[in-house]
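Chain letters run A, B, ... following the sequence lines, proteins first, then strands; residues in each count from 1. Only heavy atoms go into these numbers, but all of them, side chains included; no hydrogens, no water, no symmetry mates. What you see is a predicted model; the values in this text were computed from it and never measured.
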Number of protein chains: 2
Amino acid sequence: MRDVAERAAVSAMTASRALREDPRVLPATRERVLAAVAELGYRPNKVARSLRLGHGTGLVGVVVTNLANPFYSRLALGVDSVVGQQDLKTVIGNTAQDPDRERSLVADLVARRVDGIIAVPAGADQRHLAAAAAEGVPVVLASRPPVGFDADCVLVDDFGGARAGTERLLAMGHRRIGFLGSPPAVYTGTERLRGYRAALRDADVPVDERYVRQGQRETAEAAAAAGELLALPDPPTALFCSNNRNTIGAFRAISAAATDTALAGFDDFELADALGLPLTLVAYDRDELGREAARLLLDRMRHSKGTPAAPRRTVVPTTLVEYGARHVGPGA
Amino acid sequence: MRDVAERAAVSAMTASRALREDPRVLPATRERVLAAVAELGYRPNKVARSLRLGHGTGLVGVVVTNLANPFYSRLALGVDSVVGQQDLKTVIGNTAQDPDRERSLVADLVARRVDGIIAVPAGADQRHLAAAAAEGVPVVLASRPPVGFDADCVLVDDFGGARAGTERLLAMGHRRIGFLGSPPAVYTGTERLRGYRAALRDADVPVDERYVRQGQRETAEAAAAAGELLALPDPPTALFCSNNRNTIGAFRAISAAATDTALAGFDDFELADALGLPLTLVAYDRDELGREAARLLLDRMRHSKGTPAAPRRTVVPTTLVEYGARHVGPGA
DNA sequence: CTGTTAGCGCATTCAG
DNA sequence: CTGAATGCGCTAACAG
């Protein structure tokens, strides 16, 4: 920058001000500086800038468990679309479900002095997030509520959506309805299980615990679990799945077993209409989840000085989507 | 950090060294420092560190056009999995196909002094990347070759894969084969079109230009374009698509038209086996693309001092995958 | 093995 | 309106 200042025949200070559009700089002076910048190809060093400012690296950290899952990539995109408008960049950290990795990722983001963190914590232990928040880094949780500390969060209506999806199966006349879900430690999964149970209870249908399978993360595991349910002596006539991984796995099991088991699940997904099976899905706006999380974060960042406002919690609503057996065209 | 040093009764310098595992520090001293760190909850400020070092923010920038496309999220994941092992973090920038956004994103990454950039440039103008490389930031291109400057890159065998896919349709006896692809400015799309043309030429089948439709980015556009081809007086009996967006769009058009048009395309995708249609896909290891790009980048970062090595180019091979009409189970 | 000096590039403070 | 001094937090380079 000194080179620029010299070339423009001003002090480094004036050059700095000119670049930050400080109104106190004479237009003519600014022009000279800008010209020098262009000629020398100078670029301000944002690292030095943030060090000096003591805050504001212009980065927002997003911590997710699996970016390959469209759910998380859309979340990240939603965040980026909002913070990008404030000239903030998104740093994405993928934990691959590893709590240690999540912990170190968050620690690293704090050490980098990111302006804020949006996280989808994998497990129940959120002390690392609590620590980050305690150090003054705004934290927003997405799709999971904070446990053990205060933070803004944006949730999906897991309970209501799952109940509505299960009610749909009940309305179709099913009484033996299975449940396939994520490991119990996953908040959304257990919340959706609660919704499933509530629907059955309200319909006076007893829950047969043999029909409840938690713990499947990927489609292969889900297909295996679904296959086991279908192989029971009195198999369920319908399945409700807590996420798209389980729904797709269940679809494969049902296809393989050649039964006409009814299927419903949480999360819409591409080509759901093309599977040649009637399918009820609990849908919601995935991008909106990220956008809302980003909005909460920006708000928190703006008011970081002064009395911290009470933590806010928003809930994204769900809708039921029905796909027909042959919605897209003729079968084989 | 001064507080830590004081608490441990050493100088700031020694504290710094202790934290960086400098072997010259007495174990007992290190213990004292570590204890002080724990008690004070101190975290080293990585911003200051990178400023001092003058390089090495520990960040790798990944610039993609659309993170919602599994292709790009997998690429990013592949990159992250490799650079993560070197304690580097991944900054993801989404350009949403906007050249201006891409330009400013790259400029920003350079201003942030990222250690390297992996980019999938959207258009043919790569001057911003050339500028970054010229400023000493290692740049690796993924799935597109550099134009107008030298850089490492990792490509997919676009030409060979498309030719093989088209040959498969020819081998099935088709002679009227349509082509659906991305806008001409997209390198992969035109390369795959070349492969398609080569296959037809080698089989002495003239290319009917009415059958060639470029310009579809999303499935809806692709479905419309495919629908137009199928509505021709002498419609193609088979379609080759240059990417998964076009393949899925074509699938929808074929389903809607209830024809038995054969379908082949570049890019494997989830549920491709469940569409109830025979389908030939040109597959390749998407994660590997990112991993290899990361490897090239790490290599380049390591040898950034000294004579720059000649640019390297690796090509990821493709394989043909066949999905049957009713692979997963019974139809409607 | 440990401490002192100096400076990375920028922006706030206070003088001109 | 512009300039000079000072320090953000950290670490190479040189003492001791």
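Protein atom CZ of B:Arg112 is 18 Å distant from nucleotide atom P of C:dG9, rounded to whole Å. Rounded to an integer number of Å, the gap from CG of B:Leu19 to P of C:dT2 is 14 Å. In this structure, A:Glu6 places its CD atom 18 Å from P of D:dT2, rounding to the nearest Å. Regarding B:Arg24, its CZ atom lies at a distance of 10 Å from the P atom of C:dT2, rounded to whole Å. Put simply, CD on A:Glu31 is 16 Å from C1' on D:dC1, counting in whole angstrom units.
Identified under the side chain to side chain donor-acceptor pair (under 3.5 Å) test for residues 56-67 of chain A, with sequence neighbours left out: A:Thr65-A:Tyr72.
In this structure, CG on A:Leu77 lies 10.5 Å from CG on B:Asn69, to the nearest 0.5 angstrom.
Looking at heavy-atom distances under 4.0 Å, B:Val25 makes contact with sugar-phosphate atoms alone, never a base. At the heavy-atom level, A:Leu51 lies under 4.0 Å from base atoms of the strands shown. A:Val10 comes within 4.0 angstrom of the backbone, heavy atoms only, and of no base.
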Go through the steps to decide whether B:Thr314 and B:Leu155 satisfy the test side chain to side chain contact (heavy atoms under 4.5 Å, CB included), and finish with yes or no. CA-CA 6 Å; B:Thr314 54; B:Leu155 303 174; over 6 Å; no
May I have the step-by-step check of side chain to side chain contact (heavy atoms under 4.5 Å, CB included) for B:Leu88 and B:Leu298, ending in yes or no? CA-CA 10 Å; B:Leu88 295 164; B:Leu298 288 176; 3.6 Å; yes
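Between the B:Gln126 side chain and the B:Val147 main chain, a donor and an acceptor come within less than 3.5 Å of each other. Put simply, the side chain of B:Asn94 gets close to the backbone of B:Leu67: a donor and an acceptor are under 3.5 Å apart. Proximity of a side-chain donor or acceptor of A:Arg113 to a complementary backbone N or O of A:Ser50 within less than 3.5 Å is not detected.
Summary for the helix from C:dC1-D:dG16 to C:dG16-D:dC1: the axes at its two ends, each from 5 pairs, differ by 40° when rounded to the nearest 10 degrees.
Between A:Val47 and A:Asn45, the closest heavy-atom pair is N-OD1, 2.7 Å.
Remark: B:Ser11 is not in phosphate contact with C:dT2, judged by side-chain N or O atoms under 4.0 Å from OP1 or OP2. Phosphate contact (OP1/OP2 of C:dT2, side-chain N/O of B:Thr29, threshold under 4.0 Å): present.
A:Asp152 has a carboxylate O that lies under 4.0 Å from a charged side-chain N of A:Arg300, or vice versa, which qualifies the two as a salt bridge.
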Quick test: give all pairs of protein nitrogen or oxygen and nucleotides 10-13 of chain D nitrogen or oxygen below 3.5 Å, distance rounded to 0.1 Å.
| unit_1 | atom_1 | unit_2 | atom_2 | d |
| --- | --- | --- | --- | --- |
| D:dC10 | OP1 | B:Tyr42 | OH | 2.5 |
| D:dC10 | OP1 | B:Asn45 | N | 2.8 |
| D:dC10 | OP2 | B:Tyr42 | OH | 3.4 |
| D:dT11 | OP1 | B:Arg49 | NH1 | 2.6 |
| D:dT11 | OP2 | B:Ser16 | OG | 2.7 |
| D:dT11 | O2 | B:Arg52 | NH1 | 2.2 |
| D:dA12 | OP1 | B:Arg20 | NH2 | 3.3 |

